2 protein chains.
Amino acid sequence: MFMGHHIHKIDARDRLSIPVRMREELYRGGREHPIITVGFEKCLFLYPMERWKNFSEEAESLKTSREDSRKIERFLFANASECPFDSQGRILVAKHLLDYAQLNKDVVIIGVRNRIELWDKSEWETQSMLIRKTVLDVSENIDGFSI
Amino acid sequence: MFMGHHIHKIDARDRLSIPVRMREELYRGGREHPIITVGFEKCLFLYPMERWKNFSEEAESLKTSREDSRKIERFLFANASECPFDSQGRILVAKHLLDYAQLNKDVVIIGVRNRIELWDKSEWETQSMLIRKTVLDVSENIDGFSI
DNA sequence: GTAAATTATGGGTAGATGTGGGTAAAAGTG
DNA sequence: CACTTTTACCCACATCTACCCATAATTTAC
């Protein structure tokens, strides 16, 4: 399970080191490299290969005959790529992914249960403020959900 | 079950020792480390892992394809982190959590049934005064609660 | 009431981790 | 093929963290 958040820096060569804990979790269940792809909202998703395979099996059931399905398939798969680590535990973030999530130097790496998300720091700050407000309102009105 | 309150000090290295009773209770039902996360109001929540897993199973049913679900997932997981004890029975409180709850040197550690809460001492004093004043009114409005 | 044990608090230090950069091999380009 | 650009691997170093020990304060045992 992925949790927590860390602020790391992307260096001048577009490398980003991933916290050790998360690195280990990314490789649990096999030695195959994780997958990085575009995320919903302005962020990137990072999955263990095992999870990615599950996902793409689920996607199998999407009807290619439906336009929406084709769109989602193209979005997620065309932008996905294998994501090996260098010997220092860093990944190399491709240019088109940097652009998509508008990552600058400071990147927030957050664990979200079965995936990792990469956010530009300032983007995450506004986003998490917004979330905090929404969740507090929402949680007052939702039964069976308590923290 | 967690009860009572203690006043402890956070040291210069952001370590906070947890009362032994509570420490034992935090590890009941397994040897996995507890989870610390942001709480409602200006405080932090500390859960036994077992309890935390219940939450995350509830969250399991959330569909990542829905925006509200993504928000809740992010809120729950990004703010949480594993919380191991050092050999002296202290936890290390991350900077962002200190900021969130505005903890200074004196911290009040209170037991609240299935969780522990960490409050800044002065914040807790005002809060508990407020609670004392309003508890009579509040209890009128809550069903399924009798003492 | 006193001694012994437990608990809270402070700090030193070796090793782990995050960050930056050099360089040679590999890949792309004309 | 010669040249430029990219990539993979190496080392360097500053910072952080986990673990250790020390001591003060408190509780428990007798």
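So that the names make sense, note that chain A is the first sequence line, chain B the second, and so on, each numbered from 1. Computed from a prediction, not measured in an experiment: that's the story for all the values here.
- Judged by distance alone, the side chain of B:Tyr100 and the main-chain N or O of B:Gly39 form a donor-acceptor pair under 3.5 Å.
- Sorted by first and then second residue, the salt bridge (Lys or Arg N to Asp or Glu O under 4.0 Å) pairs with a member in residues 37-51 of chain A read A:Glu41-B:Arg70, A:Glu41-B:Arg74; sequence neighbours excluded.
- Taking the salt bridge (Lys or Arg N to Asp or Glu O under 4.0 Å) definition, one finds that A:Glu82 meets it with nothing, sequence neighbours left out.
- Near DNA chain D, defined here as any heavy-atom distance below 4.0 Å, there are no residues from residues 96-112 of chain A.
- In this view, A:Glu25 and A:Phe2, A:Arg28 satisfy the side chain to side chain contact (heavy atoms under 4.5 Å, CB included) rule, not counting sequence neighbours.
- B:Lys71 has no carboxylate O lying under 4.0 Å from a charged side-chain N of B:Glu73, or vice versa, which leaves the two without a salt bridge.
- Legend: residues meeting side chain to side chain contact (heavy atoms under 4.5 Å, CB included) with A:Ser122, ordered by chain and number and at least two apart, are A:Asp120.
- The ring of A:Phe77 has its center closer than 6.0 angstrom to the ring center of A:Trp52.
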Report summary line: In B/S/- notation (B base, S sugar-phosphate only, - none; protein heavy atoms under 4.0 Å), nucleotides 11-19 of chain D written 5' to 3' is B------BB

Using distance only, find each side-chain donor-acceptor pair of residues 3-11 of chain B under 3.5 Å and give its atom names and separation, not counting sequence neighbours.
unit_1  : atom_1 : unit_2   : atom_2 : d
B:His8  : ND1    : B:Ser17  : O      : 2.6
B:His8  : ND1    : B:Ser17  : OG     : 3.3
B:Lys9  : NZ     : B:Asp106 : OD1    : 3.0
B:Asp11 : OD1    : B:Arg13  : N      : 2.8
B:Asp11 : OD1    : B:Asp14  : N      : 3.2
B:Asp11 : OD1    : B:Arg15  : N      : 3.0
B:Asp11 : OD2    : B:Arg15  : NE     : 2.8
B:Asp11 : OD2    : B:Arg15  : NH2    : 3.0

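- Rounded to 10°, the angle separating the first-five-pair axis and the last-five-pair axis of the helix from C:dG1-D:dC30 to C:dG30-D:dC1 equals 40°.
- The CG atom of A:Asn114 sits 10.5 Å away from atom CE of A:Met1, with the distance rounded to the nearest 0.5 Å.
- Here B:Val135 sits in one hydrophobic cluster together with B:Leu136; the rule is ILVMFWY side chains under 4.5 Å apart, joined directly or through other members.
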Could you list the donor-acceptor pairs under 3.5 angstrom formed by side chains in residues 124-133 of chain B, with sequence neighbours left out?
unit_1   : atom_1 : unit_2   : atom_2 : d
B:Thr126 : OG1    : B:Glu123 : O      : 2.8
B:Ser128 : OG     : B:Trp124 : O      : 3.2
B:Ser128 : OG     : B:Glu125 : O      : 3.2

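- Shown here are the side chain to side chain contact (heavy atoms under 4.5 Å, CB included) partners of A:Tyr27, two or more places apart in sequence or in another chain: A:His33, A:Pro34, A:Phe85.
- Put simply, chain B comes within 4.0 Å of DNA chain C, heavy atom to any atom, from C:dT7 to C:dT13, going 5' to 3'.
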